[in-house]
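Beneath this line is the structure, given in structure tokens, with notes to follow.
Computed from a prediction, not measured in an experiment: that's the story for all the values here. One is the number of the first residue; the rest follow in order along the sequence. Ligands are counted one by one from 1 in listed order, and the atoms in each one are counted from 1 as well.
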Amino acid sequence: MPGFELWSDKERKEVNDVLETGILMRYGFDGPRKGIWKSKELEEAICKTFGSRYAQLTSSGTSALTTALSALGIGYGDEVITPTFTFVASFEAVLSVGAVPVLVDVDDTLTLDPEAVKKAITSKTKAIMPVHMCGSMADIDALAAICKEHNLIFLEDACQSIGASYKGKHVGTIGDAGTFSFDFVKTMTCAEGGVVMTNKEDVYIKCDGYTDHGHDHKGVDRGADLHPFIGYNYRISELHAAVGLAQIKRLPEFLSIQKKNHVQLKNILAQVPGISFRHIPDPAGDSCTFLSWFLPTEEITRAVVNEMKAQGIMPGNFYWYDNNWHYIRKWDHLKNSITLNALHPDLKTAVMQQANKDFSKSDAVISRCISTSISLLWTEEQIKEKGEKMVNVVKKILNSAIIPV
Ligand SMILES: Cc1ncc(COP(=O)(O)O)c(C=O)c1O
């Protein structure tokens, strides 16, 4: 997820605009900032680029999720359905508003299996939060239909899928709200930052206040602002927004290189009959950040991973099943509800129930999956060499007598 790979004078120029004025905060200081409003400009650019009516920048993707959940009225007593495969931030945000993250199986889209979602709905379910993992999208129509039928909120964690679209609409702009992360390893970066996108004015107004201690932002005197509700400080700085502003202008370039490199690598891997690929509900909308591929069994996948490590070609490839941060198998802190401060006993009990659930369907998908991160810096020659080395490893393992297919 490599916007940072193409760091340039464009980012330096935007940051310098802010450094020249010395006004690093996004609100206030109207005179000294001399017309430089990078955060506002970036929010406008986000609305225009992704087709969202409103955008509220935040300090991170995690705080964007927390903000969105709060603005959508999700809190104590509510359950939020979210996948077993995501980055820990997704369930952290749900917990941070006092709601229960109900983890549900993924299918070969690498996010929520609509059938599993249906089975997980209870009288406490308030929202469904698919995570558009690794650059591609959930089965949005199926999940949106479930939300409609059960009158549930649809919140898209699109933190990893900037630039992906589904049936012509950008992911993150389709549900009641959606979020992007602009951390350092995302398709476009602010160094640290995030955004909540929504088409609902009331949700946006709540996000706007919530991220700035509840300020209503109605006047020019911050001290005179009213505080209609309690908020927090999830503000982005002007320096971070400046980086994002340069990057969003370059996003079409990033995406087109990413797609070209993805196609070339996929064509090479597709020559091996034992390799299959992630199901992408709208292939034209894949942002191509990763190429996610499957092998026939966990045993074969592990053998391929081990051989890739032995040959020094594993960097840039992710075997999520063994990863501490992205799959439930290694989330012991969640399963044991280990927090620094006391949770409400009901919440603690509900969280710990995740430990007793059967996630064998997720295991069957994630244990066979390897995701290859697509670099913007690769040359055609490098992709060819990389792909051929990967193919040779897979063929070697598939052909080995020890592990027949
Ligand atoms: C799916 C997902 N959600 C949320 C986040 C949180 O974003 P941030 O790192 O900006 O807090 C991430 C970050 O990697 C993510 O991958």
Ligand-residue contact atoms, ligand 1 with [X], heavy atoms, under 4.0 Å:
X      : answer
Thr86  : 1 (C)
Gly61  : 6 (C), 7 (O), 8 (P), 10 (O), 11 (O)
Asp157 : 1 (C), 2 (C), 3 (N), 4 (C)
Ser60  : 10 (O), 11 (O)
Ser181 : 7 (O), 8 (P), 9 (O), 10 (O)
Ala89  : 4 (C), 5 (C), 6 (C)
Val131 : 1 (C)

Quick one: does [X] get an N or O within less than 3.5 Å of an N or O on ligand 1?
X      : result
Lys186 : yes
Asp183 : yes
Phe87  : no

Check Arg250 with Glu11, please: is the shortest side-chain N to carboxylate O separation under 4.0 Å?
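A salt bridge is present here (some side-chain N lies under 4.0 Å from a carboxylate O).
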With under 30° as parallel and over 60° as perpendicular, where do the rings of Tyr321 and Tyr327 fit, or are they tilted in between?
tilted
Do Ile162 and Phe50 come close enough that some side-chain heavy atom pair is under 4.5 Å?
yes
If we only count heavy atoms from C-beta on, is the Tyr166 to His132 side-chain gap below 4.5 Å?
no
Please, which pairs that meet side-chain hydrogen bond (donor to acceptor under 3.5 Å, both in side chains) have at least one residue in residues 265-288, sequence neighbours excluded?
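As it turns out, the side-chain hydrogen bond (donor to acceptor under 3.5 Å, both in side chains) pairs with a partner in residues 265-288, which skip direct neighbours, are Ser287-Thr289.
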If you draw a 6.0 Å radius around NZ in Lys389, do more than 12 non-hydrogen atoms from other residues or ligands fall strictly inside?
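Count not over threshold, so no.
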Taking the ring of His213 and the ring of Tyr232, is the distance between their centroids below 6.0 Å?
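Between His213 and Tyr232, which both carry aromatic rings, the centre distance is not below 6.0 Å.
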Logged contact type for Thr62 with ligand 1, heavy-atom cut-off 4.0 Å, is both
Does His240 offer a backbone N or O that forms a donor-acceptor pair with the side chain of Ser237 under 3.5 Å?
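Answer holds: yes.
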